[in-house]
J.: 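Can you read through this structure? Questions will come right after.
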2 protein chains.
Amino acid sequence: MSSQSPASAPNGRRRDAERTRAEILEVAQREFARKGYSGARVDEMAALMRTTKRMIYYYFGNKEKLYIAVLEKAYTEVRKAESAMDVQHLAPVEAIRTLAELTFDHHDAHRDFIKLVSIENIHHAEYLRKSQMLGDLGGPVTGLISRILEAGRAAGDFVADADAIDVHMMISALCFFRISNQHTFGTLFGRDMTAPEHRDRYRKMTGEAVVAYLTGGGRRGAEERGETG
Amino acid sequence: MSSQSPASAPNGRRRDAERTRAEILEVAQREFARKGYSGARVDEMAALMRTTKRMIYYYFGNKEKLYIAVLEKAYTEVRKAESAMDVQHLAPVEAIRTLAELTFDHHDAHRDFIKLVSIENIHHAEYLRKSQMLGDLGGPVTGLISRILEAGRAAGDFVADADAIDVHMMISALCFFRISNQHTFGTLFGRDMTAPEHRDRYRKMTGEAVVAYLTGGGRRGAEERGETG
DNA sequence: AGGCTAACGTACTAGTTCGTTCATTACTGG
DNA sequence: CCAGTAATGAACGAACTAGTACGTTAGCCT
């Protein structure tokens, strides 16, 4: 018999720190996303895991540190996804459009992350600010957008007076709101913005809105009236 | 001596149901917006009022009903503001642009409302759905946008394939995100989107983005390549 | 003036919730 | 194979929190 696998645990070790830690993080992410920081209950999380509450405190110390760990994991995954967005080879207009559509898909697929971000904002990002691991989390995306904007202006495609952070904000706003506000919006207007039958249309709309703004459609009226500046 | 004003209360009656009720709602709105539904403490609210916790329960029954009352008050104020937006006399392009900019200003000025909406979405709008008073809260705005869109299409200004709810979503997304996500965004990108020195630029950007999308700027690239449909 | 009731305050309770204590077991290195 | 340590579990406790019981007072009505 191999020494790595006791008879009592045929499908994995009964004692596995990695696995226990991972499960705690997973369950905690779901619970925090569903109930908010104060609303989530440590005891309830424990009940949803194979292990006990004792382990949450053993690995993470307290509720706040657990929440911060969840945040860090979520943001790390987003950064990974962003760095995988390969749009540099495209012409500026298509690069921005594709970036917007990829961001749309990513938001659509990571709804727990969006809820965590909403929750963080209710708390004025106090926990995010406490996290070390932040580093330059926003740098890569804005760097990418900066290069696209420069190329687009050089080619004469982009005329809007917007920097990389502005463009990132606009893309994020359109992608984020559709998920984050789906419930109140759906209740008030009778449309589930996140329903599959609307997804393609909204993805296209997101890309087109950003491109339209950058290529100057919004100033068309002013130009036609002979205004400048 | 007038019978309405006892000597012991020169500056207003010591017993004033209206005033007490109003103060409870006011404090509760602030606390719920700051801490979320679970995070807000009834005792803490009471400590911030001239009256006591007993009165909260006397007037509102329990924490949930108090929260719903806060929501109803907030939404009522928004609807009032929306119905005051008089843009029908403008040409379609300017009507939409103005509507977007007025919405921008309203969001900028009612940050507690935005937080309450964010909180509601974390709870899947369960409390909003419990409220009676909803009625057709979303009807008036989408009605207004519908009429503008029709006029704009008739005049040949608008070409984008979007209905009133889509347009409202887009405007809301741009206005809402800037406030709702200010803290995480500010932490990650080092820019306070809500700072006064950026406000005018972002207001203009909001109006231009919506107009650009509707007037077809986003499809320019496709048209130039000879694509149709 | 004086009774009646809406409005109010104090003090308490039942239940919850984070975090800990103490004991135990599974692995691993020697 | 055995000792030491990492990992784990059950039960507990102190502090908090929503909600209530009970008593009091202000001000209107006649």
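All figures in this text were calculated on a predicted structure; none of them were measured in a lab. Letters go in sequence order (proteins before strands), and every chain restarts at 1.
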J.: When you measure from the side chain of B/V42, which nucleotide among C/dG9, C/dG19, D/dA18 comes out closest?
T.: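 Shortest atom-to-atom distance from the side chain points to D/dA18.
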J.: Indicate, with a heavy-atom threshold strictly under 4.0 Å, whether A/A40 touches base, sugar-phosphate, or nothing.
T.: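 The answer is sugar-phosphate, as A/A40 gets under 4.0 Å only of primed atoms, P, OP1 or OP2.
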J.: Check the distance between D/dT20's P and B/Y57's OH and give it to me in whole angstrom.
T.: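 About 8 Å, once rounded to whole Å.
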J.: Taking only the side-chain heavy atoms of A/T51 (C-beta and beyond), determine which of C/dC8, D/dT17, D/dG9 contains the nearest atom.
T.: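 Of the candidates, D/dG9 comes closest.
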J.: Between the base of D/dG19 and the side chain of B/K63, is there a donor-acceptor distance below 3.5 Å?
T.: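 Not at all, since no donor on one side and acceptor on the other fall under 3.5 Å apart.
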J.: Is it the case that B/N121 and A/S180 place a side-chain donor and acceptor less than 3.5 Å from each other?
T.: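 Not at all, the side chains of B/N121 and A/S180 share no donor-acceptor pair under 3.5 Å.
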J.: Consider only side-chain N and O atoms of A/Y202 and A/D108, and report whether a donor and an acceptor are under 3.5 Å apart.
T.: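 Distance-only check fails for A/Y202 and A/D108.
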J.: Determine, using ring centers only, whether B/Y127 and B/Y67 are less than 6.0 Å apart.
T.: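 Between B/Y67 and B/Y127, the centre distance is under 6.0 Å.
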J.: Between P on C/dT25 and CE on A/M55, what's the gap in Å once rounded to a whole number?
T.: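 One finds 15 Å between P of C/dT25 and CE of A/M55, rounded.
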J.: Atom CD1 of B/I56 to atom P of C/dC8: distance rounded to whole Å?
T.: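 Nearest whole value for this atom pair: 12 Å.
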J.: Using whole Å, report how far CG of A/D43 lies from P of D/dC16.
T.: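 Answer to the nearest Å: 17 Å.
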J.: For the pair made of CD in B/E31 and C1' in D/dT17, what is the distance, rounded to whole Å?
T.: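 Value for this atom pair: 15 Å.
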J.: Just the rounded figure in Å: distance from P of C/dA7 to OH of B/Y58.
T.: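 So the OH-P distance, B/Y58 to C/dA7, works out to 5 Å.
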J.: For a quick check of understanding: with a heavy-atom distance under 4.0 Å over all strands, which category does B/Y59 fall into, base, sugar-phosphate or nothing?
T.: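 The answer is sugar-phosphate, as B/Y59 gets under 4.0 Å only of primed atoms, P, OP1 or OP2.
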J.: Could you tell me how far apart A/K65 (NZ) and C/dC18 (C1') are, to the nearest whole angstrom?
T.: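 Going from NZ in A/K65 over to C1' in C/dC18 covers 14 Å.
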J.: What is the distance, rounded to the nearest whole Å, between atom CD1 of B/I24 and atom C1' of C/dG9?
T.: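 Rounded to the whole Å, the gap is 13 Å.
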J.: With no hydrogens and no angle check, just 3.5 Å: does a side-chain donor-acceptor pair link B/E72 and B/S131?
T.: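 Short answer, yes.
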J.: Ignoring hydrogens and angles, are the base of D/dG9 and the side chain of A/K53 linked by a donor-acceptor pair under 3.5 Å?
T.: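 Donor-acceptor pair under 3.5 Å: no.
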J.: Checking B/K63 against B/Y37: charged group under 6.0 Å from the ring centre and within 45 degrees of the axis?
T.: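 Here B/K63 passes the 6.0 Å and 45° test against B/Y37.
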J.: Does a nitrogen or oxygen in the side chain of B/T20 sit under 4.0 Å from OP1 or OP2 of C/dA7?
T.: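 For B/T20, the contact criterion (side-chain N or O under 4.0 Å from OP1 or OP2 of C/dA7) is not met.
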J.: Would you say the base of C/dT21 and the side-chain of A/R54 have a donor-acceptor pair closer than 3.5 Å?
T.: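 Such a pair is found, so the answer is yes.
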J.: Mapping A/R50 and B/R41 to their closest nucleotides on DNA chain D, which lands nearer the 5' end?
T.: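 It is A/R50, whose closest nucleotide lies nearer the 5' terminus.
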